[in-house]
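Just so it is clear: chains get the letters A, B, ... in the order the sequence lines come, proteins before strands, and each one is counted from 1.
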There are 2 protein chains.
Amino acid sequence: MKSSETKAERPGLLARLLREAGYRDTAPRRAVVRAIEEADGEQSPEALWRAAQRIHPGIGRATVYRTLELLTGLGAVRPLIAAEGGRRYPVAVGGHHHLVCSGCGTVVEFDECAEGEVARRVARRQGFAIQGHLLEIYGTCGDCRVTGEVRT
Amino acid sequence: MKSSETKAERPGLLARLLREAGYRDTAPRRAVVRAIEEADGEQSPEALWRAAQRIHPGIGRATVYRTLELLTGLGAVRPLIAAEGGRRYPVAVGGHHHLVCSGCGTVVEFDECAEGEVARRVARRQGFAIQGHLLEIYGTCGDCRVTGEVRT
DNA sequence: GTACCATTGAGACGGGGTATCACTATGAAG
DNA sequence: CTTCATAGTGATACCCCGTCTCAATGGTAC
């Protein structure tokens, strides 16, 4: 599901990253990469696997994990721990901003960010080449505050 | 190891949080909380368990995980995925800033942060009560860039 | 002090993620 | 195009982190 516009836009941003890093351009990898790009958000490895299978039937779990690992190493993806279940979620990096409720786990994304300046300065000082960043603000949403208790 | 000043300063910031949330004040919990506060940084549950055992011998794994879960629910701690091994790390929240190398996993902490303003604005708009935030900047450190390849 | 029930410790359990290995297919060379 | 070395793949066995269960313990209210 989704518009067709979003699909064609990026023929392979992540794929290109892999190529440029010297990795082979294989169908399974492209499937994983497409699954990530089309989901354009946070997905469990499980969900990405299912999505990748739709694109490239027969792909194995291991390949999905391996590809995610490669992308993590390249800084293109960032695994996090999901609120519910505690499983991990890969997040495409490049500037992600989350407002996370400690109570119910709700995640609200937002765009505003003032870190560009600071990030660049800190990175330069340490000799880092920036690839992306993640800003998470933790708090309690209105509902959870009203409810009082935060329990499960 | 560590100065004595840091220790006495917070007789129980986290412990107080637990109490105020209505949880009982038990020795095992205090041990976990102390372990976290004294480590004052990122630790694997395993490491925290060992630290807690030194404080309260006989404490079980489950209790450590349970306490970490409670603290997570209260927003006092935030689990992340460690670079090496992929295990999870609890992070005391309240404003943490990391510069993470995608290549070797090195984590450099820094203080500068310009998010106070943005965070407050976004949070207010969404009706959130801020507890803390985490800013992670991903990139490649000098060494890893020189080495060229980022592989394992 | 007594009673109720949240909390604990020990151990069983489950499942996500990884390691292994034989097979396949990419990309380079000629 | 054909050949070749080897990166990459799929299937599966395997491991271990984190969770669940349950009887015993100990906090807190009265």
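Side-chain atoms of Arg66(A) and base atoms of dG17(C) include no donor and acceptor less than 3.5 Å apart.
Summarising the geometry of Arg29(A) relative to Arg24(A), their closest heavy-atom pair is NH1-O, 3.1 Å, with the distance given to 0.1 Å. In plain terms, the two heavy atoms of Phe110(B) and Leu99(B) that are nearest each other are CE2-N, 4.1 Å.
Of all nucleotides listed (dG9(C), dA19(C), dG17(C)), dA19(C) comes nearest to the side chain of Ala62(A). Proximity note for Arg61(B) (side chain, C-beta onward) versus dT28(D), dA12(C), dA11(D): the nearest is dA12(C). Among the nucleotides dT8(C), dG27(C), dG18(D), the one closest to the side chain of Thr63(B) is dT8(C).
Residue pairs satisfying the side chain to side chain donor-acceptor pair (under 3.5 Å) criterion with at least one member in residues 124-137 of chain B, sequence neighbours excluded, are listed as follows: Arg78(A)-Glu136(B), Ser102(A)-Gln131(B), Glu112(A)-Arg125(B), Thr140(A)-Gln131(B), His97(B)-His133(B), His98(B)-Glu136(B), Glu136(B)-Tyr138(B). Legend: ring-ring contact (aromatic ring centres under 6.0 Å, His included) pairs involving residues 41-63 of chain B, not counting sequence neighbours: none detected.
In terms of the side chain to side chain contact (heavy atoms under 4.5 Å, CB included) criterion, residue partners of Ala51(A) (sequence neighbours excluded) are, by chain and number, Ala35(A), Arg54(A). Arg66(B) pairs by the side chain to side chain contact (heavy atoms under 4.5 Å, CB included) definition with Ala62(B), Thr63(B), not counting sequence neighbours. For Arg19(A), the side chain to side chain contact (heavy atoms under 4.5 Å, CB included) test picks out Asp25(A), with sequence neighbours left out. Residues passing the salt bridge (charged side-chain N to carboxylate O under 4.0 Å, His left out) test with Arg50(A) are Glu46(A), sequence neighbours excluded.
A close approach under 4.0 Å does not occur between any side-chain nitrogen or oxygen of Tyr65(A) and OP1 or OP2 of dT18(C).
Looking at Leu18(B) and Val33(B), their side chains come closer than 4.5 Å, going by heavy atoms from C-beta outward. With a 4.5 Å cut-off on side-chain heavy atoms, Ile36(B) and Leu48(B) count as touching. Side-chain contact check for Thr72(B) versus Pro79(B): some heavy-atom pair is nearer than 4.5 Å.
Leu68(A) places its CG atom 10 Å from the P atom of dG17(C), with the value rounded to the nearest Å. For the pair Ile81(A) CD1 and dG15(C) P, the computed distance is 19 Å after rounding to whole Å. Atom CZ of Arg30(A) is separated from atom C1' of dG27(C) by 13 Å (rounded to the nearest Å). Between the P atom of dA6(C) and the CG atom of Leu70(B) lies a distance of 13 Å, rounded to the nearest Å. In this structure, the CG atom of Leu48(A) is 14 Å from the P atom of dG16(C), given to the nearest Å. Between the P atom of dC5(C) and the OH atom of Tyr23(B) lies a distance of 18 Å, rounded to the nearest Å. Residue Asp25(A) contributes atom CG, which lies 11 Å from atom P of dG8(D) at whole-angstrom precision.
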Begin with the C-alpha distance, continue with both residues' side-chain angles, and end with the deciding distance and a verdict on side-chain contact (heavy atoms from CB on, under 4.5 Å) for Tyr65(B) and Val32(B). CA-CA 9 Å; Tyr65(B) 281 105; Val32(B) 175; over 6 Å; no

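Among the protein residues, Arg29(B) comes within range of the sugar-phosphate backbone only, with heavy atoms under 4.0 Å from sugar or phosphate atoms but none that close to a base.
The rotation axes computed at either terminus of the helix from dG1(C)-dC30(D) to dG30(C)-dC1(D) lie 60° apart, taking five pairs at each end and rounding to 10 degrees.
Residues from residues 49-60 of chain B with heavy atoms under 4.0 angstrom of DNA chain C, sorted by number: His56(B), Gly58(B), Ile59(B), Gly60(B).
Comparing Thr26(A) and Glu46(A) by the nucleotide of DNA chain C that holds the closest heavy atom to each, the one mapping nearer the 5' end is Glu46(A).
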All N/O contacts under 3.5 Å from nucleotides 23-25 of chain C to the protein, with atom names and distances to one decimal?
none

